[in-house]
Structures are given as structure tokens and as C-alpha cells.
Protein chains: 2
Amino acid sequence: MDINDAVASLSALAQYSRLSAFRLLVRAGGEGMVAGDIARALQVPNNTLSAHLSVLQQAGLIYSEREGRSIRYRVEFSGVRALLGFLVEDCCQGSPEVCAPLLEQLLPECCPGEVRA
Amino acid sequence: MDINDAVASLSALAQYSRLSAFRLLVRAGGEGMVAGDIARALQVPNNTLSAHLSVLQQAGLIYSEREGRSIRYRVEFSGVRALLGFLVEDCCQGSPEVCAPLLEQLLPECCPGEVRA
DNA sequence: CAATTATTTCCATTATTCTGGAAATATGGA
DNA sequence: TCCATATTTCCAGAATAATGGAAATAATTG
């Protein structure tokens, strides 16, 4: 992931309907959601949502799979990891002491059962 | 941080010059950088950069402090943490198993000396 | 094959953002 | 006070993004 990819990913998430759709898909987990259900949930016209999903997909944050008449969307977690990795990359090289508190916050939120060394 | 704050923060970072300025400031650490030096480093006119810095500041990602004739900018790490926290929040509630690999990647990158339990 | 359902593509309008010249503000120094 | 430096604000033109109606594509059903 270079800075241009990062701008593309951030731009994709930097819009209300798209961030909402993304969060919906994250919550949906491995099951994902079909386009129509996302549009219904967000109360956005199908064609408008379709354009938004296309942006998220181009950015590598979601992927799609046809399922009969519907198209199912799921989060592309490798893309999400790449973006988050890019964002913390410089931070940690430049000053590791600002990264520790960041993880302190992330760890319990992410993995409640895990223990820090 | 609610979804609207997140859209504002993501929008702030979702532009080449702004993301570049932000990364520069992250690398600069606690010392920060004055506006003119940032503009020079990025080869962007002062007034254009000023507008960009204003967007980053409004989003709570950086803050400024006058220093004589110059104005020094620094990263507002609480804002960065809030954004990253928001992004992983749903992910981890919905499906913790996708969060672990995310941390696996972040931990060594962030805190090379630390050991996982 | 015709009808139905699900979604996307095309396209034009509207809205927002980006950009930088010129003027304004703020500080420090002679 | 006058001048130089650093930065911001004002403003308007150019570029980009968002939106949704209408038509096109794709799959299933009778």
C-alpha cells in the first residue's frame, strides 16, 4: 500500500453512506449482505448505493460475489488491514511511545479475552 | 467519536497533500513543524497548505501553536487514536477472529520490543 | 420465451472540494 | 513607526464527487 492507495481507501470511507455500508458489512461478518438489503437498511436508492459499493470495491475494501439474482458483498479484510497498517506505520517508526497507548486502546476493544505480556 | 466525526476525520486524510502533511507531522513527532516548512517540503503554496492544515485541525487530527512569527503544527494523537478505535470497533464486536490478525500485524510494526501473551 | 426480480450502467444535474492570486492579519526587528 | 517575514482569509474559477431517473444486463420462474 502506497500513499495513493491510502488516499483511495480513505476517500472511499470518507462519505456517510459508504462508511455506513462498510460498517454494516463489517458487522455482517463472513455472511456479508446482498446489495438490495444494504440499500434497504440505509434507505438509499439502489443505483446510488451501487455506485457507492463500486467505490468501496475499487478501493479494495469489499468484494462481491454473484448469488443467483443477487450480488453479495463482504468486507475484504486484507484491504482494511493494509489501510490501518499504513496509518500507524509512520507513527510507530517515528515515535513508538505514541503507539503503545494506541494499542492499549485497541487490544481490549478487539480481543477482550487476550492478555498483554 | 460518532460516524459523522469519523467521516470528517477520514475526509481530512483522504486527500494527497493533506495525508502527506499529516504523515510529515507524524514523523516530526513532538517537535512538530511550522507551516512554512511543511509547505516547502510538500511544494505547495502557503495559502493552499493553510487551507489543508485548517481541515486537518477542524477534524481534530492536528493542533497549532503560535511561535513568534510562525505557527507550529503537531499531531493530535488523541484524535488519531479515536479514529482508529472507531474503525476497528465494529470489526471486533462483529467478529473477533478478524481482529486478531490485524493486531498480529500492528503489534510488531508498532512495538517491536513487546511480546504477545 | 415472456415476465419478474436484482442489480448495474448511462447520463445529466447539483453540490462540494481544490486551488492559488491578492489582500489582510500578526509578530518581531531596526 | 516602518519594514520584512509568516501565515491566514477572501474570493472565484476549475475540477471532482454525489445523486437518482431511465434504460440495460443478468438470473430465475412459469
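Per chain, numbering begins at 1; letters A, B, ... match sequence-line order. Computed from a prediction, not measured in an experiment: that's the story for all the values here.
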Requested in this report: Compare every heavy atom of Leu56(B) with every heavy atom of Ala21(B), then report the nearest pair and how far apart it is.
Outcome: CB-CD1, 4.4 Å
Query - Ser50(B) (side chain) donor-acceptor with Asn46(B) (main chain) under 3.5 angstrom - result: no
Query raised in the report: With a 4.5 Å heavy-atom cut-off, do Arg23(B) and Ile3(A) have their side chains touching?
Result: yes
Query raised in the report: Donor-acceptor pair, Arg74(A) side chain versus Ala28(A) backbone, under 3.5 Å?
Result: no
Report task. Please test Tyr16(B) against Leu42(B) for side chain to side chain contact (heavy atoms under 4.5 Å, CB included), starting from the C-alpha separation and ending with a verdict. Result -> CA-CA 10 Å; Tyr16(B) 187 85; Leu42(B) 301 182; over 6 Å; no
**Report entry** Between dA6(D) (C1') and Glu65(B) (CD): distance, integer Å
**Finding:** 16 Å
For nucleotides 6-9 of chain C, which of its nitrogen or oxygen atoms have a protein nitrogen or oxygen under 3.5 Å away, and what is each distance?
from, atom 1, to, atom 2, distance (Å)
dA6(C), O3', Ser70(A), OG, 3.2
dT7(C), OP1, Ala35(A), N, 3.2
dT7(C), OP1, Gly36(A), N, 3.2
dT7(C), OP2, Gly36(A), N, 2.7
dT8(C), OP1, Tyr73(A), OH, 2.3
dT8(C), OP2, Ser50(A), OG, 3.0
dT8(C), O5', Ser50(A), OG, 3.1

Requested in this report: Provide, to the nearest angstrom, the distance between the CG atom belonging to Leu56(A) and the C1' atom belonging to dA18(D).
Outcome: 14 Å
Query raised in the report: So, does Ser9(A) use its side chain to make a donor-acceptor pair with the main chain of Asp5(A) at under 3.5 Å?
Result: yes
Report task. Check for a donor-acceptor pair, side chain of Arg72(A) on one end and backbone N or O of Glu65(A) on the other, with a separation under 3.5 Å. Result -> no
Query raised in the report: By side-chain contact (heavy atoms from CB on, under 4.5 Å), which residues pair with Asp37(B), not counting sequence neighbours?
Result: Met33(B), Val34(B), Arg40(B)
Query - N/O (side chain, His52(A)) to phosphate O (OP1/OP2, dT19(D)) under 4.0 Å - result: yes
Query raised in the report: Going by heavy atoms closer than 4.0 Å, what residues in residues 5-22 of chain B are next to DNA chain D?
Result: none
